[in-house]
> 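One structure, as structure tokens, below. Some questions next.
Keep in mind the model is a prediction, meaning the values are calculated, not measured.
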Amino acid sequence: MSSDAVGADIAVLGSGSWGTALAIQLCRNGHRVRLWGNESDQIAELRAHGENRRFLPGVPFPAGLVPQESLEETLSGAAACLAVVPSHAFAEVIAALATRLPRGIGLAWATKGLEPQSGALLHTLAQRGLPGESLAIVSGPSFAREVAIGLPTAVTVASEDQDFARRTAGLLHGGRFRAYTSSDLVGVEICGAAKNVLAIATGIADGLGFGANSRAALITRGLSELIRLGAALGGRPETFMGLAGIGDLVLTCTDDQSRNRRLGLALARGASVAEARAAIGQEVEGVITAAAVRTLAHRLGVEMPISEQVYQVLYEGVPPLAATAALLEREPKAEFG
């Protein structure tokens with residue numbers, strides 16, 4: 001992002017709940033935001049109602065927020081661009097930006113996931129498609145509705161370009177929204193992706209009625225999995241103990257605003273994956289990410305037993321209770337080392 005001055009023109013790509021919430025926050029800070037979505041019917045609804053009734057009903061748009069269906073018009077004259085699209089659409093958006101993104105403004109994203117087929121981190125897709133541009137990820141414990149209505153929230157903005165991290169954070173930071181910076185792009189990306197898979201596991205355990213002891217153990221051992229995977233890719237230890245790591249993990253595993261946790265709850269109660277996703281009605285990133293994390297973990301030789309069992313439930317039809325039994329029946333071992 002090329003400017004942190006009040007009154008910047010900002011393109012936000014993605015008109016779901018999180019993209020809309022961040023667009024509202026940017027407007028609160030005095031910026032002008034063009035909010036892009038690729039469904040013309042939805043954009044027409046946003047314009048007609050002055051709110052995102054599908055995903056954030058009852059939260060009116062500020063005056064500076066303008067929904068757009070033309071990507072070219074959204075990007076024209078923009079001083080900053082923030083992509084907030086599902087992980088499976090990220091590569092397509094990068095390809096569209098390759099010939100449309102104004103040169104030199106960089107790209108930030110608030111997408112939490114991996115490239116579905118390869119397990120690649122999203123910044124590698126962005127580096128290939130937007131060579132020479134500064135890149136950053138916005139991540140941390142942040143439910144969209146709470147941000148949209150102005151409840152206190154803190155996130156991390158990570159970039160290998162610290163000037164870009166500060167400028168991006170400066171655009172978002174204000175009021176009750178606090179943005180910290182980090183140079184650990186890889187660690188923050190891994191945290192944001194893997195925690196969604198672990199939230200499904202915690203939802204399954206709670207749906208089976210396993211209680212608070214089980215939930216605490218899953219979060220703690222899940223954090224160990226997240227750390228092992230992140231460390232294998234060069235993530236820094238302090239990142240896993242910060243907002244993007246344990247902060248986002250605890251949030252997503254313990255509150256029913258989490259779509260991933262709700263999916264786990266539904267699976268434990270007998271719903272199929274398709275039924276659970278349909279009932280939630282929004283993207284559940286952990287479903288796609290479970291397969292991508294498994295691919296990445298196998299490639300790196302990283303042991304992730306909880307994430308493996310989530311994959312077995314989602315893709316191999318293993319009943320949730322049997323997946324839990326497989327975890328409990330593992331041989332005892334030292335907790336560390």
Side-chain angles (χ1 to χ4, degrees), residues 1-56 59-113 122-123 125-126 129-138 144 147-148 157 159 164 167-172 174 282-283:
M1 296 188 179
S2 61
S3 172
D4 58 2
V6 171
D9 291 310
I10 302 175
V12 174
L13 311 183
S15 55
S17 57
W18 190 213
T20 302
L22 289 174
I24 290 170
Q25 171 60 24
L26 289 163
C27 287
R28 281 198 194 104
N29 289 344
H31 305 299
R32 297 174 296 276
V33 177
R34 294 190 287 271
L35 177 64
W36 173 81
N38 64 353
E39 296 180 15
S40 57
D41 289 348
Q42 191 213 9
I43 295 301
E45 289 177 7
L46 299 184
R47 288 173 175 163
H49 302 304
E51 65 179 63
N52 193 332
R53 290 190 176 179
R54 188 182 306 182
F55 298 129
L56 290 172
V59 184
F61 289 162
L65 195 160
V66 179
Q68 286 278 2
E69 60 182 290
S70 165
L71 184 58
E72 288 76 9
E73 290 181 21
T74 301
L75 293 167
S76 178
C81 183
L82 175 64
V84 197
V85 297
S87 58
H88 66 79
F90 191 80
E92 182 181 351
V93 168
I94 293 298
L97 289 175
T99 56
R100 296 175 175 87
L101 186 72
R103 289 182 60 83
I105 72 168
L107 176 69
W109 61 89
T111 299
K112 298 176 180 178
L122 299 185
H123 83 270
L125 304 181
L130 302 170
E133 291 290 346
S134 295
L135 305 172
I137 181 172
V138 179
V147 171
V157 178
S159 176
F164 188 64
R167 290 197 297 270
T168 303
L171 292 168
L172 289 162
Q282 297 185 59
E283 190 66 42

> Determine whether W109 and V85 make a side-chain contact, defined as any pair of heavy atoms from C-beta on separated by less than 4.5 Å.
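SC-SC contact between W109 and V85 ruled out.
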
> Please step through side-chain contact (heavy atoms from CB on, under 4.5 Å) for the pair V33 and L22, ending with a clear verdict.
CA-CA 10 Å; V33 177; L22 289 174; over 6 Å; no

> Is there a side-chain contact between S15 and L46 (heavy atoms, below 4.5 Å)?
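The answer is yes; the side chains approach within 4.5 Å.
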
> Could you walk me through whether L75 and L97 pass side-chain contact (heavy atoms from CB on, under 4.5 Å), step by step?
CA-CA 9 Å; L75 293 167; L97 289 175; 3.6 Å; yes

> Where the side chain of Q68 meets the backbone of E73, is there a donor-acceptor pair that is under 3.5 Å apart?
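Checked: no pair found.
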
> Minimum heavy-atom separation for A144 and A21, please, with both atom names.
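The answer is O-CB, 3.3 Å.
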
> So which heavy atom on S17 is nearest to which on L56, and how close?
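Reported closest heavy-atom pair: O-CD1, 3.4 Å.
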
> Is it the case that over 12 heavy atoms from other parts of the model lie below 6.0 angstrom from the CD atom of Q282?
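Enclosed.
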
> Taking the side chain as every heavy atom from C-beta outward, state whether Q25 and H31 have any pair of such atoms under 4.5 Å apart.
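No, too far: nothing below the 4.5 Å cut-off.
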
> Pair L26, V12 - check side-chain contact (heavy atoms from CB on, under 4.5 Å), show working.
CA-CA 10 Å; L26 289 163; V12 174; 3.8 Å; yes

> Any idea which heavy atoms bring I94 and G129 closest together, and the distance?
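Distance-wise, the nearest heavy atoms are CG2-CA, 3.8 Å.
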
> If you look at every heavy atom in A23 and L65, which pair is closest and at what distance?
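Result for this residue pair: CB-CD1, 3.6 Å.
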
> Distance check, rounded to the nearest 0.5 Å: T74 atom OG1 versus L35 atom CG?
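T74 OG1 to L35 CG: 8.0 Å, rounded to 0.5 Å.
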
> If every non-hydrogen atom of E133 is compared with every non-hydrogen atom of G106, which pair is closest and at what distance?
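The pair with the smallest heavy-atom distance is OE1-N, 2.9 Å.
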
> Between the side chain of R100 and the main-chain N/O of A95, is any donor-acceptor distance below 3.5 Å?
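No; zero donor-acceptor contacts below 3.5 Å.
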
> For the residue pair A78 and P102, what are the closest heavy atoms and their distance?
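Scanning both residues completely, I find the closest heavy atoms to be O-CG, 4.2 Å.
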
> Does R34 use its side chain to pair, donor to acceptor, with the backbone of S76 at less than 3.5 Å?
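Yes, R34 side chain to S76 backbone: donor-acceptor pair under 3.5 Å.
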
> Could you measure the distance from the NE2 atom of H123 to the CZ atom of F90? Nearest 0.5 Å is fine.
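Spacing of NE2 (H123) from CZ (F90) equals 10.5 Å.
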
> Does some side-chain heavy atom of V84 sit less than 4.5 Å from a side-chain heavy atom of V138?
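Side chain of V138 against side chain of V84, heavy atoms only: no contact under 4.5 Å found.
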
> Do E45 and E39 come close enough that some side-chain heavy atom pair is under 4.5 Å?
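When only atoms from C-beta onward are counted, E39 and E45 do not touch, as no gap falls below 4.5 Å.
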
> Starting from the C-alpha separation in whole Å, work towards a yes-or-no answer on side-chain contact (heavy atoms from CB on, under 4.5 Å) for V66 and F61.
CA-CA 9 Å; V66 179; F61 289 162; over 6 Å; no

> Say you draw a straight line from CG of L171 to CD1 of I10; how long is it, rounded to the nearest 0.5 Å?
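Separation between the atoms: 4.5 Å.
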
> Would you compute the distance between atom CD of E69 and atom CZ of R47 and round it to the nearest 0.5 angstrom?
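The CZ atom of R47 is 5.5 Å from CD of E69, to the nearest 0.5 Å.
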
> From W36 CH2 over to L82 CG, what is the distance, rounded to the nearest 0.5 angstrom?
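W36 CH2 to L82 CG: 13.0 Å, rounded to 0.5 Å.
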
> If you define the side chain from C-beta out and look only at heavy atoms, does anything of L125 sit under 4.5 Å from L122?
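They are in contact (side-chain heavy atoms under 4.5 Å apart), so the answer is yes.
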
> What residue among N52, I24, T20 forms side-chain contact (heavy atoms from CB on, under 4.5 Å) with V59?
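Of N52, I24, T20, side-chain contact (heavy atoms from CB on, under 4.5 Å) with V59 is met by I24 alone.
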
